[in-house]
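First up is the structure itself, then whatever we jot down about it.
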Protein chains: 2
Amino acid sequence: MWTIGEVAQKFNLSISALRYYDKEGLLSDVKRENGIRKFDDKDIETIFMIECLKKAGMQIKDIKQFLDWVKEGNTTLDKRLKMFENQKVKVEKQIQDMQKVLDLIKYKCWYYETAVKDGSDEKVKNMKEEDMPAEILKLYKNSHS
Amino acid sequence: MWTIGEVAQKFNLSISALRYYDKEGLLSDVKRENGIRKFDDKDIETIFMIECLKKAGMQIKDIKQFLDWVKEGNTTLDKRLKMFENQKVKVEKQIQDMQKVLDLIKYKCWYYETAVKDGSDEKVKNMKEEDMPAEILKLYKNSHS
DNA sequence: ATAACACCTAAACATAAGTTTAGGTCAAGC
DNA sequence: GCTTGACCTAAACTTATGTTTAGGTGTTAT
């Protein structure tokens, strides 16, 4: 059993964020001792799930919806499955998008490394595609595809 | 040369978002005809860059900072390089994080597929690690690592 | 010529996800 | 016995990123 401060540290979250999740009903029935929250393993797993779904881009109110389905029991299994299937597609697309973003950033790193060496970006800005290193051209093309 | 409506469609952005970027100074000196904005190739490339850096997780004010450096000229080449190097590290970490998120989601897809088949998640919830399919266990472990 | 569109501005409004503030309890250490 | 530190609540506040509203202009189709 952990206090709110310990859990905050564990997850690198603020105490106020944890209280906010609790207030919003994401953490159902956190135990109390003299009014002080005591988080158990189940709460920790819930917070882990919340953090994961947040990273997936889900909003708090949709995460709450999911957690409410969990509480509702077996009648909502299909809804939960459908939610994860949707999220899977979305996250796969996000990773693909991020890969393109990364390629543009890598291209720009090369661009500015070259420009810094030259003291100006005149030359690299006007460089023809056939004069670029092959792997750099590939990054650029992929990022714009 | 494109009107604001055409550009909005091109990038799947709202017209008001484009006006907001202009107002915030991200698009320097967009041409006007009778007060109506006419976006040229340079503006399009800027908007492409804005969209990319937004996806990378940068805030509008930091994107503006970068665009201001571009306007300032060659004295800021090193700052721009440093910015992209930092972003590269961040985006690489984001992709790694998203991969873990995806693994947890894939695990949960398996979990709920199994639960839906059984009509209950009792069995899958209590399943021992050695009874899980190897690739599912791998997903689970990676997502929690 | 009048209606329908696409555009314009300034300013108010919206929303999510917390954070901050103001006031309070309780246990531990000096 | 007093201070410090970790916890508590309710309610106000913050911030980013736009969106909406209200009022207006100019062109095109009927």
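Predicted model only: the values in this text are computed from it and were never measured. Here is the naming used below: chain letters follow the sequence lines, and residue numbers restart at 1 for every chain.
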Candidate nucleotides C/dC7, D/dT19, D/dC7, ranked by approach to the side chain of B/Y20 - the nearest: D/dT19

Nucleotide D/dG18, atom P - distance to NZ of B/K61 in whole Å: 14 Å

Euclidean distance, atom CG of residue A/N12 to atom P of C/dG18 [Å, nearest integer]: 13 Å

A/Y112 and B/F66 aromatic ring geometry - parallel, tilted or perpendicular at 30°/60° bounds: perpendicular

Closest to the B/Q59 side chain, choosing from D/dC7, C/dC7, D/dT17: D/dT17

Between A/Y111 and A/D121: side-chain donor-acceptor atoms closer than 3.5 Å: yes

Most 5' of A/I15 and A/N34 on DNA chain C, judged by nearest nucleotide: A/I15

Donor-acceptor pair, side chain of A/S14 and main chain of A/A17, under 3.5 angstrom: yes

Side chain of B/I60 - closest among C/dA16, D/dT17, C/dC8: D/dT17

OP1 or OP2 of D/dT19 under 4.0 Å from side-chain N/O of B/S14: yes

Between C1' of C/dC7 and CG of B/L18, the distance in whole Å: 13 Å

Sugar-phosphate only, base, or nothing, as touched by A/K54 at under 4.0 Å among non-hydrogen atoms: sugar-phosphate

Touch class at under 4.0 angstrom, heavy-atom based, for B/R37 against every strand present: sugar-phosphate

A/K64 NZ to C/dG18 P, straight-line distance once rounded to whole Å: 16 Å

Nearest-nucleotide pick for A/I36, side chain only, options being D/dC8, C/dC7, D/dT19: D/dC8

Spacing of A/M58 atom CE relative to C/dA16 atom C1', expressed in whole Å: 14 Å

Spacing between A/D62 atom CG and C/dT15 atom C1', to the nearest angstrom: 14 Å

Sugar-phosphate only, base, or nothing, as touched by A/K23 at under 4.0 Å among non-hydrogen atoms: nothing

Between D/dT17 (C1') and B/K55 (NZ): distance, integer Å: 17 Å

Short side-chain N/O contact from B/Y21 to OP1 or OP2 of D/dG18, under 4.0 Å: yes

Selection from C/dT20, D/dT20, D/dT27 that lies nearest to any side-chain heavy atom of B/S16: D/dT20

Lys/Arg cation over aromatic B/W2: B/K10, 6.0 Å, 45° cone: yes

Touch class at under 4.0 angstrom, heavy-atom based, for A/K38 against every strand present: nothing

Backbone of A/R37 reached by a side-chain donor or acceptor of A/K31 within 3.5 Å: no

Side-chain N,O (B/R32) to OP1/OP2 (C/dT9) below 4.0 Å: yes

Nearest-Å distance for atom pair CZ/P, residues A/F39 and D/dC7: 10 Å

B/N12 CG: over 12 foreign heavy atoms closer than 6.0 Å: no

